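Step one of this worksheet: look at the structure below.
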Amino acid sequence: MSEAGAPGGADELLQRLRLHGAVPAHVAVIMDGNGRWAQGRSLPRPLGHHAGMTAVREVVEGCLAAGVEVLTLFAFSQENWRRPVDEIESLMNLLEEYIAKEVDELRQQGVVVRILGETDRLSPSARRAVDRIMGETSDGAVLSLNLCISYGSRAEIARAARLIAEDVAAGKLDPADVDEDAIARHLYTAPWPDPDLLIRTSGEQRLSNFLLWQLAYAEFYVTPVLWPDFTRRHLFEAILEFQRRDRRFGRVSV
Ligand code: FPP
């Protein structure tokens with residue numbers, strides 16, 4: 001019997017979560033621990049990021065199997081630009097490698113890919129790669145995969161404020177209409193519902209400037225598993241835990 005098919009394996013967890021209740025429509029993930037994974041094996045950090053690519057594939061396929069509609073991954077923060085130049089370079093190369101390897105399969109699976117963040121800071125070749133994957137997957141209707149790259153949530157909110165100010169100055173928006181919906185409409189995430197579930201790997205319990213606005217009512221799930229070791233089985237465990245939570249959105253339980 002395959003590992004996935006063994007008792008307590010991925011297949012059984014998938015059956016259980018299908019019977020158990022509603023699957024989160026939108027899952028967001030802070031993929032953390034690549035560096036520690038590499039360090040633990042006396043490998044250079046870029047090899048940890050490379051191993052993290054396999055986990056990205058796992059989590060995309062897990063979301064497709066479970067029926068998650070939106071998956072938002074924190075792949076590179078604005079703060080990550082402060083890392084050593086060779087690590088930044090290897091992360092950018094990895095992005096291009098990921099796109100070259102996965103674009104055809106993602107398109108066939110019905111995945112539509114979007115890049116959220118300040119993409120004008122990317123190298124010309126990385127920009128070409130992200131334009132390619134967004135263009136070639138634009139018809140996907142099964143799963144929206146959002147890759148946050150050169151992304152910072154405070155910068156995203158400041159950008160929304162700037163865009164709103166421009167609309168007000170141009171007479172297109174009445175200041176009285178600047179409400180929560182107006183802000184949400186000017187965030188990168190405007191087309192999608194807020195995440196229901198946030199997963200962070202490697203045991204760290206912080207938001208790290210990720211989707212500060214959008215995570216207002218998300219359920220948090222922190223796992224000690226390092227990102228390169230994260231499999232669809234871990235995703236299904238997180239979804240089962242989500243299904244046990246009592247989401248009250250500030251109200252009382254019924
Ligand atoms: C955090 O681990 C992870 C990152 C900064 C990069 C995430 C990138 C990937 C998973 C690579 C593949 C993804 C795509 C979409 C191409 P860390 O380096 O902060 O780990 P540490 O805290 O253990 O040092």
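Predicted model, so just to flag it, every value in this text is computed and none were measured. Read the numbers this way: they start at 1 and go in the same order the structure lists the ligands and their atoms. The figures here come from the full heavy-atom set of this structure, side chains too, leaving out hydrogens, waters and symmetry mates.
At a cut-off of 3.5 Å, with distance as the only test, no side-chain donor of W213 or S153 sits close to an acceptor on the other residue. At a cut-off of 3.5 Å, with distance as the only test, no side-chain donor of S90 or N93 sits close to an acceptor on the other residue.
The protein heavy-atom contact nearest to atom 3 (C) of ligand 1 is M31 O, 3.1 Å. Regarding atom 15 (C) of ligand 1, its nearest protein heavy-atom neighbour is L147 CD2, 4.0 Å. Nearest protein neighbour of atom 9 (C) of ligand 1, counting heavy atoms only, is N34 ND2, 3.7 Å.
A donor-acceptor distance shorter than 3.5 angstrom exists from the side chain of E58 to the backbone of R232, with no hydrogens or angles considered. Checked by atom type and distance alone, the side chain of T189 never pairs as donor or acceptor with a backbone atom of W192 at under 3.5 Å.
Contacts with ligand 1 closer than 4.0 Å are made by side-chain heavy atoms of N80 only, the backbone lying farther away. Looking at V56 against ligand 1, only its side chain comes within 4.0 Å, counting heavy atoms. Using a 4.0 Å cut-off between heavy atoms, F76 makes no contact with ligand 1 at all.
Each of H50, R45, H49 was checked for a side chain to side chain donor-acceptor pair (under 3.5 Å) with N34, and the lone residue meeting it is H49. Just one residue in the list L64, T137, V103, L71 forms a side-chain contact (heavy atoms from CB on, under 4.5 Å) with V111, and that residue is L64.
Looking at R45, H49, E204 and measuring to atom 11 (C) of ligand 1, the nearest heavy atom belongs to H49. The option from A75, G35, G52 that lies nearest to atom 8 (C) of ligand 1, judged by heavy atoms, is A75. Taking all heavy atoms of G40, G33, P228 into account, the minimum distance to atom 2 (O) of ligand 1 is reached by G33. Looking at Q39, R83, R36 and measuring to atom 19 (O) of ligand 1, the nearest heavy atom belongs to R83.
Distances below 4.0 Å separate heavy atoms of Y98 from the following atoms of ligand 1: 16 (C). Residue contact check: W227 has heavy atoms under 4.0 Å from atoms 10 (C) of ligand 1.
Between Y217 and F249, the ring planes are tilted. Angles from 30° to 60° get that label.
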- Task: Might you work through the side chain to side chain contact (heavy atoms under 4.5 Å, CB included) test for L240 and L17, ending with a clear yes or no?
- Result: CA-CA 6 Å; L240 280 163; L17 73 85; 3.8 Å; yes
